[in-house]
Amino acid sequence: SRMRRRCPVTAYLTAVRREYTSSPPSPPSLFNKFLFQLNQHFHDVEHLINWSSSLRSRVVRRKNVFYGYTQKRFGVNVAAAYYILGLGGSFRFAGQSEWFRPDSRGKFSYDFLNTPDSTIEEIDLSRTLINHAGLENIMSQNKLHSLSLQGCSEVDNWFLARLHVFGESLQELDLSHCPRITEGGLAALQHLRQLRRLDISSLPRLRNPGLVRILLEDMLPQCKVTGADYEEGLIRTDSAEEAETVRHK
């Protein structure tokens with residue numbers, strides 16, 4: 001064409017391109033194959049982690065919905081009981097020795113419907129997914145004496161700040177093995193003036209458990225705090241002191 005006669009460079013590049021595309025591509029090296037598979041693996045793992053995190057968030061929200069309809073239909077005591085059992089927890093009504101708890105398959109008796117006026121005195125929600133939103137379902141239990149939250153992964157400082165509603169009744173509180181609790185959340189327990197026993201063992205985000213115990217006992221003098229030795233986090237080893245000295249030189 002006229003354009004190609006005027007542009008010999010264009011014609012040359014077109015010929016080279018045809019020759020290049022007509023030749024078979026060289027196979028990828030073993031190293032490139034490895035990099036591709038490694039990249040695909042990490043992409044799949046990242047996708048799986050994100051999917052798992054999203055699924056867990058939906059489960060936590062579903063487990064902690066507000067039982068407003070149940071409260072209106074059956075009363076706050078029945079709604080609280082139903083919520084606790086649905087989470088996989090257990091409870092005992094005031095004036096009764098029997099505990100209501102689900103079996104290994106999550107099934108439970110509905111006999112608590114027969115006593116809608118009975119308030120709950122003890123609750124065990126150990127290793128359940130209760131969070132600050134779900135706490136709304138049991139805040140009506142103004143005669144609650146004992147609450148166990150051992151190993152609850154969703155219990156955080158905001159959750160502890162809302163426990164003030166039990167300030168005139170709660171006597172025993174187990175917060176052991178809760179991974180999200182810090183010193184700031186424990187400070188909110190100052191409103192629990194009737195508290196007699198508090199377990200703070202194995203809280204990984206406490207930097208100085210011994211000091212925290214001293215402060216809690218000063219804040220709640222009538223309460224026995226367990227799960228942290230006074231010297232824990234306060235006494236430094238020789239090696240730690242040497243490392244700190246070197247760091248500041």
Side-chain angles (χ1 to χ4, degrees), residues 47-160 162-163 165-166 169-181 185 197 199-204 227:
H47 178 73
L48 179 62
I49 292 175
N50 292 336
W51 176 82
S52 177
S53 177
S54 176
L55 178 62
R56 177 182 172 83
S57 297
R58 289 199 297 268
V59 171
V60 171
R61 287 196 299 270
R62 180 172 56 83
K63 288 281 189 179
N64 289 283
V65 296
F66 180 57
Y67 283 41
Y69 173 79
T70 308
Q71 286 189 0
K72 292 179 181 179
R73 180 75 183 274
F74 301 100
V76 293
N77 298 327
V78 170
Y82 188 41
Y83 167 72
I84 294 167
L85 294 173
L87 272 180
S90 56
F91 68 90
R92 182 182 64 79
F93 281 127
Q96 298 183 17
S97 58
E98 177 188 3
W99 278 76
F100 288 84
R101 52 174 53 91
D103 60 21
S104 59
R105 297 178 299 171
K107 305 298 182 180
F108 50 83
S109 168
Y110 285 86
D111 289 347
F112 60 86
L113 291 172
N114 300 326
T115 55
D117 296 328
S118 298
T119 58
I120 297 175
E121 190 171 77
E122 292 188 65
I123 298 177
D124 185 356
L125 288 167
S126 299
R127 295 172 294 279
T128 65
L129 293 176
I130 186 173
N131 65 5
H132 65 274
L135 184 61
E136 186 76 23
N137 289 301
I138 63 174
M139 291 175 69
S140 59
Q141 303 306 300
N142 54 15
K143 294 183 179 179
L144 183 64
H145 288 176
S146 176
L147 176 61
S148 178
L149 300 168
Q150 183 187 83
C152 291
S153 58
E154 300 299 319
V155 169
D156 54 12
N157 294 346
W158 193 1
F159 184 101
L160 298 187
R162 302 194 70 189
L163 291 181
V165 296
F166 303 118
S169 64
L170 196 61
Q171 299 177 11
E172 296 183 5
L173 178 61
D174 186 350
L175 300 175
S176 61
H177 300 275
C178 291
R180 302 178 66 180
I181 292 176
R197 182 181 177 278
D199 190 342
I200 59 169
S201 58
S202 301
L203 300 182

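By the neighbour-count criterion of 12 heavy atoms within 6.0 Å, atom CZ of F166 is densely surrounded, having more than that number from other residues, nucleotides or ligands.
In terms of heavy-atom proximity, Y83 sits nearest to L135 at OH-N, 4.2 Å. The two atoms that bring H132 and W158 nearest to each other are NE2-CZ3, 3.3 Å, heavy atoms only. Listed here is the closest heavy atom pair of L170 and S146: CD1-N, 3.9 Å. Across every non-hydrogen atom of V60 and N64, the tightest pair is O-ND2, 2.8 Å. Shown here for P204 and C178, the closest heavy-atom pair between the two residues is CD-O, 4.0 Å. Taking every heavy atom of both residues into account, L125 and C152 meet most closely at O-SG, 3.0 Å.
Side chain of S169 to main chain of L144: a donor-acceptor pair is present (N/O by atom type, distance under 3.5 Å, no hydrogens or angles). Checked by atom type and distance alone, the side chain of K63 pairs as donor or acceptor with a backbone atom of G86 at under 3.5 Å.
Atoms CG and CD1, from L175 and I200 in turn, are 8.5 Å apart once rounded to the nearest 0.5 Å. Rounded to the nearest 0.5 angstrom, K107 NZ and L85 CG are separated by 13.0 Å. Taking CD of E154 as the start and CG of L149 as the end, the distance is 12.5 Å to the nearest 0.5 Å. With rounding to the nearest 0.5 angstrom, the CD atom of Q141 is 4.5 Å from the CG atom of N77. Rounding to the nearest 0.5 angstrom, the gap separating the CD atom in Q96 from the CD1 atom in I120 is 10.5 Å. Taken to the nearest 0.5 Å, the CG atom of N137 stands 8.5 Å off from the CG atom of L87.
You'll find the side chain of S202 stays beyond 4.5 Å of the side chain of S176, heavy atoms only. In this structure, the side chains of R56 and S153 come closer than 4.5 Å at one or more pairs of heavy atoms.
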**OP:** Test I130 against F159 for side chain to side chain contact (heavy atoms under 4.5 Å, CB included), laying out the working first.
**Re:** CA-CA 9 Å; I130 186 173; F159 184 101; 3.9 Å; yes

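Remark: aromatic rings of Y69 and Y67 are distant, center separation not under 6.0 Å. Ring centroids of F112 and F93 are separated by 6.0 Å or more, keeping the two rings apart.
Sorted by first and then second residue, the salt bridge (charged side-chain N to carboxylate O under 4.0 Å, His left out) pairs with a member in residues 115-135 read R92-E121, R92-E122; sequence neighbours excluded.
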